[in-house]
Undergrad: 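Would you mind keeping the following structure in view while I ask a few things?
In what follows, chains are A, B, ... by sequence order, proteins preceding strands, each numbered from 1. In this text, all values refer to a predicted model and were calculated from it rather than measured experimentally.
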Number of protein chains: 2
Amino acid sequence: MSNNQFKRGELYSVINGMASTAVARRLQKNFRQAGLEITIEQWSVLYHLWKEDCLSQQELCNRTFRDKPSITRLIDNLEKQKLVKRTASQTDRRINLVCLTDAAKELQSQTIDLANQTMNEALVGVTKDEIETVKQVFQRVYDNLT
Amino acid sequence: MSNNQFKRGELYSVINGMASTAVARRLQKNFRQAGLEITIEQWSVLYHLWKEDCLSQQELCNRTFRDKPSITRLIDNLEKQKLVKRTASQTDRRINLVCLTDAAKELQSQTIDLANQTMNEALVGVTKDEIETVKQVFQRVYDNLT
DNA sequence: GACATATAGTTAGTTATGCAACTAATTTCA
DNA sequence: TGAAATTAGTTGCATAACTAACTATATGTC
């Protein structure tokens, strides 16, 4: 038995990611209470577009760790809500560039404030070093499996 | 700004839980390759029943961190596959006791081996102390938000 | 130039999640 | 005792995930 193997009874918390689920739920709730009608999955797409606008769907797949059908439907829903718009690329007609609308740009600061607030609530009593360790382990696990 | 606040650019990995998603995906794949037709959500319910059989649906909610409709439907599907059976409690007729079938009992060792194997792959290069820290932070975050 | 292969995105089908509204059984307490 | 509140579970609706199969465009190679 390897040195770092989880005991069976502890496996679940890792597989299920209960902590990140709890964060997501709380953030969703905070959005709703602020009258924002977006899901946190939609928000996570907008988040990457705020960093760099007009990405291809494939690029959004890479950055959000989602597969193509998931992104297709998230973009469908964001388009219905008039938060993004698909535009065919001039140079490669296979590619859709996904660009923010003005309405989406207005959401940025408000939702990022809510996200930061939520993280502050979540991380009460957690040290900087511990956060650093969690991030490193996450990255390592992700790299190990992909 | 609080001392342990995430920088914006780092928020996503926590909220999305990409690492636990990657673990779940790999475990699901390993189940499929072994010819096991269960989802990892279903497995996570069975997991708690292997530890203690014939729990109420409410108790399964608590132990798996899911809400009641999610458990209702997971049990529906597990019942379709003849892996569990609902039995009305003798003492409180509101309660369904969810009990394992023989078929489910046979799945236990095989799937837990696969889960341990998956965790070993995932945790290559991660130390025991780091795992301990991650678990503590998860628990802390969960407690902070619930 | 033409055929094979790779890449970008969509669609269909199944399972799962969250919320809100619901039924039925039990408990509380006036 | 009997009405109100609580608890256990279900159902309906919308969103999202994964897989597999699909279309369309682009690239690579003979």
Undergrad: Is A:Glu79 salt-bridged to A:Arg86, going by a charged N under 4.0 Å from an acidic O?
TA: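 The answer is yes: the pair qualifies as a salt bridge.
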Undergrad: Let's see if you get this right: which residues in residues 68-76 of chain A place a heavy atom under 4.0 Å from DNA chain C?
TA: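 Under 4.0 Å from DNA chain C: A:Lys68, A:Pro69, A:Thr72, A:Arg73.
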Undergrad: Quickly work out the B:Asp67 CG to D:dA8 C1' distance and round it to whole Å.
TA: 13 Å
Undergrad: Expressed as a whole number of angstroms, how long is the span from B:Leu97:CG to D:dG9:C1'?
TA: 13 Å
Undergrad: Provide, to the nearest angstrom, the distance between the CD atom belonging to B:Glu59 and the P atom belonging to D:dG9.
TA: 10 Å
Undergrad: Does this structure show an ion pair linking A:Arg63 with A:Glu52, if we count only N-O contacts that are shorter than 4.0 Å?
TA: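 A salt bridge links A:Arg63 with A:Glu52.
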Undergrad: Taking only side-chain nitrogens and oxygens of B:Gln28, does any of them come within less than 4.0 Å of OP1 or OP2 of D:dA17?
TA: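 Looking at the OP1 and OP2 atoms of D:dA17, neither is under 4.0 Å from any side-chain N or O of B:Gln28.
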Undergrad: The criterion is salt bridge (charged side-chain N to carboxylate O under 4.0 Å, His left out); which residues satisfy it with A:Asp143, sequence neighbours excluded?
TA: none
Undergrad: If the cut-off is 4.0 Å, is B:Gln57 near the phosphate of D:dG9, judged by side-chain N/O to OP1 or OP2?
TA: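 Result: no.
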Undergrad: Would you call A:Arg26 and A:Glu121 a salt bridge, using N to O less than 4.0 angstrom?
TA: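 Salt bridge present between A:Arg26 and A:Glu121.
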Undergrad: Using whole Å, report how far CD1 of A:Ile40 lies from P of C:dC19.
TA: 12 Å
Undergrad: If you restrict it to nitrogen or oxygen atoms, what contacts under 3.5 Å exist between nucleotides 23-27 of chain D and the protein, and what is each distance?
TA:
| unit_1 | atom_1 | unit_2 | atom_2 | d |
| --- | --- | --- | --- | --- |
| D:dT25 | O2 | A:Arg94 | NH1 | 3.4 |
| D:dA26 | OP1 | A:Arg93 | N | 2.9 |
| D:dA26 | O4' | A:Arg94 | NE | 3.4 |

Undergrad: Do the side chains of B:Asp67 and A:Arg25 get close enough for a salt bridge, i.e. N-O under 4.0 angstrom?
TA: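 No.
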Undergrad: Side chain of B:Gln58 only, please: which of C:dC19, D:dA8, C:dA8 is the nearest?
TA: D:dA8
Undergrad: For the pair A:Lys82 and A:Asp102, find out whether any cationic side-chain nitrogen is under 4.0 Å from an anionic carboxylate oxygen.
TA: no
Undergrad: Please confirm whether the shortest side-chain N or O distance from B:Arg66 to OP1 or OP2 of C:dA16 is below 4.0 Å.
TA: no
Undergrad: Using a distance-only test with no angle check, is there a side-chain donor-acceptor pair under 3.5 angstrom linking A:Gln58 and A:Asn62?
TA: yes
Undergrad: Looking only at non-hydrogen atoms, find the nearest pair between B:Ile112 and B:Trp43 and report the distance.
TA: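 Taking every non-hydrogen atom into account, CG1-CZ2, 4.2 Å.
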Undergrad: B:Trp50 and B:Leu97: same hydrophobic cluster, using ILVMFWY side-chain contacts below 4.5 Å?
TA: no
Undergrad: Can you name the nearest heavy-atom pair linking A:Glu37 to A:Gln81, along with the distance?
TA: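 Taking A:Glu37 first and A:Gln81 second, the nearest heavy atoms are O-NE2, 3.2 Å.
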Undergrad: Where each residue is assigned the nucleotide of DNA chain C containing its nearest heavy atom, which of B:Glu41 and A:Arg32 is assigned the position nearer the 5′ end?
TA: B:Glu41
Undergrad: Measure CD1/B:Ile38 against C1'/C:dA16 and give the value in whole Å, please.
TA: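 In whole Å, C:dA16 C1' and B:Ile38 CD1 are 15 Å from each other.
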Undergrad: Need to verify one output field. Residue with the more 5' nearest nucleotide on DNA chain D, B:Arg86 or A:Thr39?
TA: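 Nearest-nucleotide comparison on DNA chain D picks B:Arg86.
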Undergrad: In whole angstrom, what separates A:Lys80's NZ from D:dA14's P?
TA: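 Between P of D:dA14 and NZ of A:Lys80: 10 Å.
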Undergrad: Using whole Å, what does the distance between atom P of nucleotide D:dA17 and atom CZ of B:Arg25 come to?
TA: 10 Å
Undergrad: Can a side chain N or O of A:Asn96 be found less than 4.0 Å away from OP1 or OP2 on C:dA8?
TA: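 A:Asn96 to C:dA8 OP1/OP2: no side-chain N or O under 4.0 Å.
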Undergrad: Rounded to the nearest Å, what distance is computed from the CZ atom of residue A:Phe65 to the P atom of nucleotide D:dA16?
TA: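 Nearest whole value for this atom pair: 19 Å.
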Undergrad: I want to verify a distance call: between C:dA16, D:dA8, C:dA8, whose nearest atom is closest to the B:Asn77 side chain?
TA: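 When the side chain of B:Asn77 is considered, C:dA16 is the closest of C:dA16, D:dA8, C:dA8.
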